[in-house]
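Okay, structure first, notes after.
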Amino acid sequence: MPRTESTPADARQEDRQPVQLRRILRLFRHYRGRLAVVGLLVGLSSLVSLASPFMLREVLDVALPQGRTGLLALLALGMIAVAVANSVFNVLQTYMSTTVGQRVMHDLRTAVYGHLQRMSLAFFTRTRTGEVQSRIANDIGGMQSTVTSTATSLVSNLTSVIATLIAMLVLDWRLTIVSLLMLPFFVWVSRRVGKERKKITSQRQRQLAGMSAIVEESLSVSGILLGRSMGRSQALTEQFAGESDKLVDLEIRSGMAGRWRQSTIQIVMSAMPAVIYWAAGLTISQGHPLVSIGTLVAFTTLQTGLFRPMVGLLQTGVDVQSSLALFGRIFEYLDLRPDIEEPAAPVALAQVRGDVRFEHVQFSYDGAEEPTLLDLDITIPAGTSLAVVGETGSGKTTLSYLVPRLYDATGGRVTIDGIDVRELGFGTLADAVGVVSQETYLFHASVADNLRFAKPDATDEELYAAAEAAQIHDHIASLPEGYDTLVGERGYRFSGGEKQRLAIARTILRNPPILVLDEATSALDTQTEHLVQEAIDALAAGRTTITIAHRMSTVRDADQIIVLDHGRIAERGTHDRLLSAGGHYAALVSRSGELASVA
């Protein structure tokens with residue numbers, strides 16, 4: 001399972017913060033042009049805003065005392081023009097920055113989804129679906145405000161701070177120094193708050209992932225059926241309520257983290273103009289005014305304007321610290337190395353004959369004490385059939401997974417037409433090997449869409465022909481909406497046998513030369529099995545077929561049968577030969593109660 005964050009991991013993350021920040025900045029490199037436009041708009045907005053305090057000084061020191069109504073009108077119009085220009089600049093920069101942010105989020109979502117598509121089956125067998133969904137939805141969604149507004153906020157506030165400081169120095173350098181005395185304290189407080197929120201964010205995202213997993217598992221069709229039939233609906237609700245209550249606590253802690261410290265900053269900032277007024281008032285009362293009234297009002301206006309972007313910069317730092325936890329979780333997935341990778345220079349097969357060989361194949365699952373498959377040597381000539389039988393846990397399904405390369409052999413090799421499957425591209429393998437398993441998966445879409453998943457450009461006539469071969473066309477045609485019928489979540493509007501025949505029709509559309517049937521009829525009743533078996537026979541005709549069998553009646557006509565016992569080949573031969581030998585195969589037939597039907 002992917003590494004989940006812990007205290008040591010968080011410490012390592014902190015050591016890697018500069019690396020992470022550089023990696024985050026690289027996400028924006030394709031949008032440098034747009035960001036430059038945003039920066040220009042922000043800079044213009046900040047510079048235009050600075051004109052207002054200077055015009056205010058002229059109003060108070062010149063226009064009003066001297067009664068110059070013309071100048072007063074011009075200054076008033078100038079202030080209005082500044083407000084209009086700022087509004088236009090703000091709308092444009094918001095549009096540009098939001099567009100860039102959303103494109104970056106799109107890139108991240110697509111990158112994570114595409115990377116997960118490359119992960120091996122083993123990854124998904126040890127990772128809860130809800131955890132994967134949470135990374136894409138909650139973690140990336142949680143970055144939205146940071147990604148869409150951070151760049152603009154950073155440039156805007158930084159530009160405003162620099163420009164305002166220059167203007168304040170021009171007005172009076174002594175008052176400027178007094179105004180900046182508390183800046184180191186503000187920075188220290190913000191860093192403390194940022195670290196605290198980052199830690200809480202990591203905990204919150206783990207909690208959200210856990211809740212997503214509960215929802216995905218318990219509110220699926222299968223989960224509802226299990227919960228209702230086991231009388232566990234109330235217990236599941238209570239479990240979810242408990243997890244939700246933990247999330248409430250984390251959200252409150254996140255919202256309140258550093259609030260008292262930040263309130264102290266706001267109090268100090270609010271008090272600074274009052275201190276300036278008080279100090280200036282003392283100098284005026286003593287007959288030695290430090291500055292003019294107009295300069296004093298303009299300075300405090302700039303001072304107030306300075307505090308706003310300064311707080312914005314500090315808040316941006318807090319947001320970045322918090323979002324590092326989210327980016328860390330996303331990068332963790334992007335850094336996962338697939339167990340099975342496509343070869344750098346895949347071998348091309350112009351036409352697949354269908355010869356399959358297992359050459360001294362061995363396979364072990366990660367962490368397993370004993371290998372699952374040991375020294376398997378099997379040859380399946382093109383167009384012939386192999387049946388694999390054995391006790392539960394003997395390695396039958398694992399063997400079938402090696403041909404389409406859902407797993408890689410840990411010893412020996414599996415070949416198709418003499419080429420190691422590890423040298424073939426994933427597209428070539430998908431075209432060459434079709435898999436029909438016991439657990440048929442159908443999307444929540446129409447019958448036609450589910451069939452066309454195998455061949456998107458299939459015509460209606462091809463759909464009908466595939467469904468007829470799978471003996472499901474008549475049933476589909478009898479439905480009120482025919483091939484436009486919605487199959488429902490995981491195909492629950494269809495019976496087990498109907499879903500299996502839809503899966504077979506889907507595979508017929510793909511027309512693979514090699515077919516793997518993984519206990520495709522084991523969960524069906526006898527009558528339904530007969531219908532599905534006829535569809536399978538139509539599908540298998542002329543193809544190299546590997547059948548993983550649970551019911552002995554499905555293997556009697558195979559060209560060769562092998563019996564697996566603890567990962568080794570215990571017996572091999574035809575049905576009649578193995579039955580007459582009285583060994584493992586005969587014992588399996590006898591225990592299954594199918595001796596009369598298969599003899």
Side-chain angles (χ1 to χ4, degrees), residues 349 351-361 373 375-391 394-404 412-419 421 432-438 469-470 504 507-508 511-522 529-530 532-565 567-590 592 594-595 597-599:
L349 286 176
Q351 185 174 1
V352 179
R353 298 190 310 274
D355 291 311
V356 178
R357 282 209 61 187
F358 291 76
E359 300 177 1
H360 304 290
V361 168
L373 300 175
D375 197 28
L376 299 187
D377 198 17
I378 309 167
T379 298
I380 315 166
T384 66
S385 57
L386 167 74
V388 184
V389 300
E391 301 283 2
S394 59
K396 303 187 298 297
T397 296
T398 301
L399 180 149
S400 72
Y401 284 166
L402 299 182
V403 181
R413 67 178 194 152
V414 179
T415 67
I416 293 176
D417 294 346
I419 307 298
V421 294
V433 184
V435 179
V436 179
S437 64
Q438 175 183 344
I504 292 168
T507 305
I508 290 174
N511 195 29
I514 301 169
L515 186 63
V516 176
L517 304 171
D518 184 10
E519 303 197 25
T521 64
S522 63
E529 179 194 1
H530 177 70
V532 173
Q533 190 60 50
E534 288 181 354
I536 287 175
D537 292 340
L539 173 62
R543 307 176 198 274
T544 304
T545 308
I546 301 172
T547 302
I548 309 302
H550 176 74
R551 293 182 174 176
M552 298 297 104
S553 57
T554 63
V555 306
R556 62 172 298 163
D557 295 326
D559 295 312
Q560 60 174 318
I561 301 170
I562 64 170
V563 181
L564 288 183
D565 183 32
R568 296 180 181 274
I569 298 177
E571 290 180 316
R572 77 172 79 206
T574 63
H575 165 74
D576 292 334
R577 178 181 169 187
L578 291 174
L579 197 61
S580 62
H584 288 80
Y585 181 77
L588 286 171
V589 173
S590 177
S592 70
E594 301 178 49
L595 186 58
S597 63
V598 298

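Model, not experiment: these values are computed from the prediction. These numbers come from the heavy atoms of this one structure, side chains and all, not from hydrogens, waters or symmetry mates.
Side-chain contact between Arg413 and Val421 is absent, with no heavy-atom pair separated by less than 4.5 Å. Ile416 places none of its side-chain heavy atoms less than 4.5 Å from the side chain of Thr544. Looking only at side-chain heavy atoms (C-beta outward), Ile569 and Leu376 come within less than 4.5 Å of each other. Asp559 places a side-chain heavy atom less than 4.5 Å from the side chain of Ser385.
Contact between Pro512 and Ala432 at its shortest, heavy atoms only, is CB-O, 3.7 Å. Ala586 and Leu579 make their closest contact through CB-O, 3.8 Å (heavy atoms, listed as atom of the first residue, atom of the second, distance). Across all their heavy atoms, Ala558 and Ala387 have their closest contact at CB-CB, 3.8 Å. Summarising the geometry of Thr545 relative to Ala540, their closest heavy-atom pair is OG1-CB, 3.6 Å, with the distance given to 0.1 Å.
Distance check, rounded to the nearest 0.5 Å: OG1 of Thr547 to CD1 of Ile561 gives 10.0 Å. Here the OG1-CZ distance, from Thr384 to Arg543, works out to 14.0 Å after rounding to the nearest 0.5 Å. Taking CD1 of Ile546 as the start and CD1 of Ile378 as the end, the distance is 8.0 Å to the nearest 0.5 Å. Between Phe358 atom CZ and Leu373 atom CG the span is 8.5 Å, to the nearest 0.5 Å. Between atom OG1 of residue Thr574 and atom CG of residue Asp557 there is a gap of 11.0 Å, rounded to the nearest 0.5 Å.
Checking side-chain atoms of Glu571 against main-chain N and O of Leu578 turns up no donor-acceptor pair under 3.5 Å. The main-chain N or O of Glu391 is found under 3.5 Å from a side-chain atom of Lys396 such that the two form a donor-acceptor pair.
With sequence neighbours left out, Asp355 forms a side-chain contact (heavy atoms from CB on, under 4.5 Å) with Arg353, Pro381, Ala382, Asp417.
For residues 375-390, the pairs satisfying salt bridge (Lys or Arg N to Asp or Glu O under 4.0 Å) are Arg357-Asp377, with sequence neighbours left out.
Within 6.0 Å of CZ on Arg568 lie no more than 12 heavy atoms contributed by other residues, nucleotides or ligands.
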